[in-house]
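Single-structure report; data block below.
The basis for the numbers below is simple: all heavy atoms, side chains too, and nothing from hydrogens, waters or symmetry mates. Both ligands and their constituent atoms are indexed starting at 1 by order of listing.
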Amino acid sequence: MKNYVLGAVSTVALMSASVAVAEPQAEVLHWWTSGGEARSVAVLQQEFADNGGTWTDMPVAGGGGDAAMSALRARVLSGNAPTAVQLKGPAIQEWYEEGVLADISAVAEEQGWADVLPASIAGHMQCDGTWCAAPVNVHRVDWIWANADVLEANGIEMPTSWEEFNAAAEALQASGIIPLAHGGQAWQDATVFEAVALGILGPEGFHKAFVELDQETLTSDEMVAVFDQMRVMRGFVDPNFPGRDWNLATAMVMNGEAAFQIMGDWAKGEFLAAGLVPGEDFLCASTPGDGFLYNVDSFAMFAVDGEDRQAGQALLAELIVGPSFQEVFNLNKGSIPARTDVSLDAFDSCAILSAEDMAASSENGSLLPSYAHGMALRGAQSGAITDVVTAHFNSEMSSQEAVEQLAAAIANSL
Ligand code: GAL
């Protein structure tokens, strides 16, 4: 007994000695490079520095993170994984299965994450019962943003059905305004597509199509109608849309060149970074239809050597889920906190609407993972869907052909 106690004490002494010398280091791979995004990630950099950490930034530009994920693959394949990586949804599990993630359960348990995170979010952060990622927020994807003055000047209300949206867009087009600010990048096409799909298929149909990959739903008349609406939307974008970054599309709404943008609430981060006020300068509403598409950003730690880097991972994980970061970061990012115990008093009306709708949709079963932002499916399946969506949007492909291609692409990817 005596020996055991002595042994324990000396282990603790050794551990605290090593903690005392470890200087937290983190090389952080992320894709937050737009104005609002950069402002948000700066909050984490600052908190990390305030707590003695040294941050090495590895930003990989490209909305939606496709380029960042390619960079990550290259780094891991070369045996030189970054310390911390912006990673989310099923991709966390995919990397876990490769055996390259660090276990952050010690921090999660010490900080009581299970008590402050909704079960639906915690589920994404756990791998085989261990904690493998730390959530920063809840973004909602199915939003429509509008320039308040442009709508008022044209006597247009925020649309509550796709028919109303189409009628508003036609009227705006006739007055020389670009109805829909859009960037022709595959992930942005997918973002608009899933908002339209949620509206037309309804929450149950969306779940069947993009979570269960149900062939009948994928080839249904309703799915044909989704592609029909996408064809109509194609007519509402300006000729310069190919390749445009999402934040430049948001800027078109800000400056009144365009009326609407369909984009997740990281777009609100851009409006706010430009000093604009929700309800006055710009308007937010959920896209027509029921349900809520969530997109939870998170960070995973990769297995790395070195006490400094491991101390950096523990510190980052603790800060990310900490209440102060969750508030300040999300005020900038446009999202709402992942933690349920952060006061929303400082948040704007769009964030309050998001929180209320999230709670209601969680109650009635219409809280759904975003397929376009990697929350619903593994990469092979979501990629297969997006390929068809973007091929349809950028060609004369018929809706019938699109659903057939969709069903075939999914069958091939399984
Ligand atoms: C999303 C990500 C958001 C936002 C957006 C545009 O996938 O979850 O945080 O940054 O991409 O880059």
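Near N295, the atoms of ligand 1 lying under 4.0 angstrom from a non-hydrogen atom of the residue are 1 (C), 2 (C), 7 (O), 8 (O). Of all atoms in ligand 1, numbered sequentially from 1 with element shown, those under 4.0 Å from a heavy atom of W246 are 6 (C), 12 (O). For ligand 1, the atoms closer than 4.0 angstrom to any heavy atom of K333 are 3 (C), 4 (C), 9 (O), 10 (O).
The local environment of CD in E164 is crowded, with over 12 non-hydrogen atoms from other residues, nucleotides or ligands closer than 6.0 Å. Shown here is E94, whose CD atom has more than 12 heavy atoms of other residues, nucleotides or ligands within 6.0 Å. Heavy atoms of other residues, nucleotides or ligands lying less than 6.0 angstrom from CG of D214 number more than 12.
Less than 6.0 angstrom separates the ring centroid of F165 from the ring centroid of F260. Checked against a 6.0 Å centroid threshold, the rings of W162 and F236 do not count as neighbours.
What sits closest to atom 7 (O) of ligand 1 on the protein, heavy atoms only, is K88 NZ, 2.7 Å. Looking only at heavy atoms of the protein, atom 2 (C) of ligand 1 is closest to D297 OD1, 3.4 Å. Closest protein heavy atom to atom 10 (O) of ligand 1: E37 OE2, 2.4 Å.
Close to ligand 1: G64, with a non-hydrogen atom less than 4.0 angstrom away.
Side-chain contact of S366 with N364: a donor-acceptor pair under 3.5 Å is present, judged by distance alone.
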